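Everything numeric in this text was worked out from a predicted model, so none of it was measured. In the text below, chain A, chain B and the rest are named by the order of the sequence lines, each starting its count at 1.
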Amino acid sequence: MNYKTKEKIYEKILLTSAFVSVITIILIGGFVFKEGAPLIAKVGLVKFLFGTQWFPTSGEYGIFPMILGTFAVTLVALAMGVPLGVSTAIFLAEFAPPKVTRVVRPAVELLAGIPSVVYGLFGMVIVNDIIMYVERTYLAGILKPEYQRGYSILSASIILAIMILPTVINISEDAIRSVPNEYKEASLALGATEWQTIYKVLLPAASSGIVAAVVLGMGRAIGETMAVIMVAGNTVAVPDSIFAPVRTLTGNIAIEMGYASGDHVRALFATGIVLFVIIMVLNSVATFIAKKGVSRS
Amino acid sequence: MSVKTTQKMAKAALWTAGFCTVAVLSLVIGYVMFEGIPHVNWQFLTMKPKKMGSEGGIFPIIVSTIYFTALTLAIATPIGVGAAIYLTEYTREGKITKIIRFGTEALAGIPSIVFGLFGFAFFVIALEPITRGWSLLSGALTGATMILPTLIRTSEEAIKTVPVSYREGSLALGATKWQTICRVVLPSALPGIVTGVILSIGRVVGETAALMLTLGGSMRMPGSIFDSARTMSMHLYLVALEVGTKPALDKAFATATVLILTIFIINTTANWLMKHFIS
């Protein structure tokens, strides 16, 4: 075999490996849809998405409580995690002396590296105990008894807020750092204070990156499974309070997959389709926003 | 409120935010280690688990975790590095790279439980004759698809930092493109690629949801890649949630401590590599 043929073969092998990720994403979509779509067709899309009854044994498959549960924990988590994350990002980009950065940055990295089950364990033992104490001591008269066990939207959100911090911090910090120095210098030269410069110049200029960070953090929170199962209580019911136990879409799959069979398995795959679609939409939005920001500046 | 006061307050608030982030991390790690360290000892690391993991140690689970991680990397690394070489050395930005990049980015965002569903339907059920159903192999194939995006991105960055003059020098001496890649580009990019691989180890070790549907969950010592197994993260979950008694929770905290230490070592090694070989 001469070297030219060999070179061609190597190139083909490399091209193939480059396409593995594309093939995988098609396979993932394909398999999850193939397994789940028949059930959605059988139950009816509207009934599947907006039905509030989930009784797999009697053939009732409505995932509305899980969709609400997912968005509830995600939004409360964002409400806590985003302000802290963005502030930390501003701090790292603008105020932190190198010595402090050397502590904070590895801390953020480690925060990103800790397995979700460890967060779950922490939440299950500590956060839930604290929430339960609050529920029983201060809110005992107001809350239903089943809302006084600690397992709740609130505790799941606290854990998720911690888990999305690294995503929010890293991407926002990049966005803030990529604002051209001239903007800042011009603002400071005009007599603005550091805070005015941050608030009126840096943040608006970095806004698309920060929004992308929030959307990606949201994706992470929606997709998180183990930590949420361990703290959310997993009751299938439309939540009506922040202290209500909830089940998320991811939790639904992980909890029931172990013993499901027949249509029940298909219903869990169908839950996967909903999750897949939500995440694909969110990621496209994030990419779109990030690209728009780049082309504008 | 005067401008100066606002400035001072804002600065104080931002310092507090930075402090809070570190405090949260210290709280999580501190608490878990505080509960776990008293139960981590030689027996715990070298004995078999008993009574669903609420007694005994985690030795077979540590071995499974190592097997699983090694197998996942053995599958994913060649593909990831190959993809990165193709993207940097063989194409210009165009339609093909756009498709590949879209695929990689989409893959990076998929929740792990969806990988689990896919792995279950494809590797566990459809490919059962090859993978023997729930097994280390099925889990590793699933895990490999999950770390592919990280591997491709980090390897690409590492290969891009190799100066063009190196390639030109090699090509000018009459080396073929493949020889140039193998003997010049890859060796110079090696520390960066290794860093990417080490970071992927962290992800593999911490993964749980996808493995719940593909790895099987046996506590026994795995004899081959076709055996069912569980990793430390999975063990932590199963012991804490499905057993849940006080001694089981102690073991869960001890497992969590071992996991945190493993991740800490992985991060430190990656940082050290980055500092000493890549600048």
Reported [atom1]-to-[atom2] distance for the pair [X] and [Y], which is rounded to 0.5 angstrom:
X: M212(B); Y: I253(A); atom1: CE; atom2: CD1; answer: 12.5 Å
X: I79(B); Y: S21(A); atom1: CD1; atom2: OG; answer: 9.5 Å
X: I126(A); Y: Y31(B); atom1: CD1; atom2: OH; answer: 4.0 Å
X: W195(A); Y: K11(B); atom1: CH2; atom2: NZ; answer: 13.0 Å

Check each atom of [X] against the heavy atoms of chain A and say whether the ones under 4.5 Å are side chain, backbone, both or neither.
X: I266(B); value: neither
X: L213(B); value: side chain
X: L259(B); value: side chain
X: E207(B); value: neither
X: V28(B); value: both
X: I99(B); value: both
X: I152(B); value: side chain
X: F253(B); value: both

Could you tell me which portion of [X] (side chain, backbone, both or neither) has an atom closer than 4.5 angstrom to a non-hydrogen atom of chain B?
X: V86(A); result: neither
X: E194(A); result: both
X: T225(A); result: side chain
X: V32(A); result: side chain
X: L15(A); result: both
X: L282(A); result: neither
X: Y10(A); result: side chain
X: M280(A); result: side chain
X: T287(A); result: side chain

### Query
By number, which residues in residues 116-124 of chain A have some heavy atom less than 4.5 Å away from chain B?
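So the qualifying residues are S116(A), V117(A), V118(A), Y119(A), L121(A), F122(A), M124(A).
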### Message
For W15(B) and F91(A), I'd like to know if the aromatic rings sit close, meaning centre-to-centre distance below 6.0 Å.
### Response
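For W15(B) and F91(A), the ring centres are under 6.0 Å apart.
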Please rank [options] by heavy-atom pairs under 4.5 Å with chain B and give me the top one.
options: E109(A), K34(A), E94(A); answer: E109(A)
options: L249(A), L110(A), I198(A), T24(A); answer: L110(A)
options: L27(A), L165(A), V20(A); answer: L27(A)
options: F276(A), F19(A), F31(A); answer: F31(A)

### Message
Just so I understand: if I count every heavy-atom pair under 4.5 Å between each of S233(B), G202(B), S26(B) and chain A, which residue has the most?
### Response
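So the answer, after comparing S233(B), G202(B), S26(B), is S233(B).
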### Flag, side chain of E7(A) to backbone of W178(B), donor-acceptor distance under 3.5 Å
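Between the backbone of W178(B) and the side chain of E7(A) there is a qualifying donor-acceptor contact (under 3.5 Å).
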### Check: T88(A)/T21(B) side-chain N/O donor and acceptor closer than 3.5 Å
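Present: a donor and an acceptor within the cut-off.
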### Query
Step by step, would you call E35(A) with L117(B) a side chain to side chain contact (heavy atoms under 4.5 Å, CB included)?
CA-CA 10 Å; E35(A) 299 285 324; L117(B) 284 174; over 6 Å; no
### Task
May I have the step-by-step check of side chain to side chain contact (heavy atoms under 4.5 Å, CB included) for I25(A) and F102(B), ending in yes or no?
CA-CA 10 Å; I25(A) 194 87; F102(B) 171 79; 5.5 Å; no
### Message
Please give me the minimum heavy-atom distance between Y86(B) and L14(A), naming the atom from each residue.
### Response
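Closest heavy-atom pair between Y86(B) and L14(A): CB-O, 3.7 Å.
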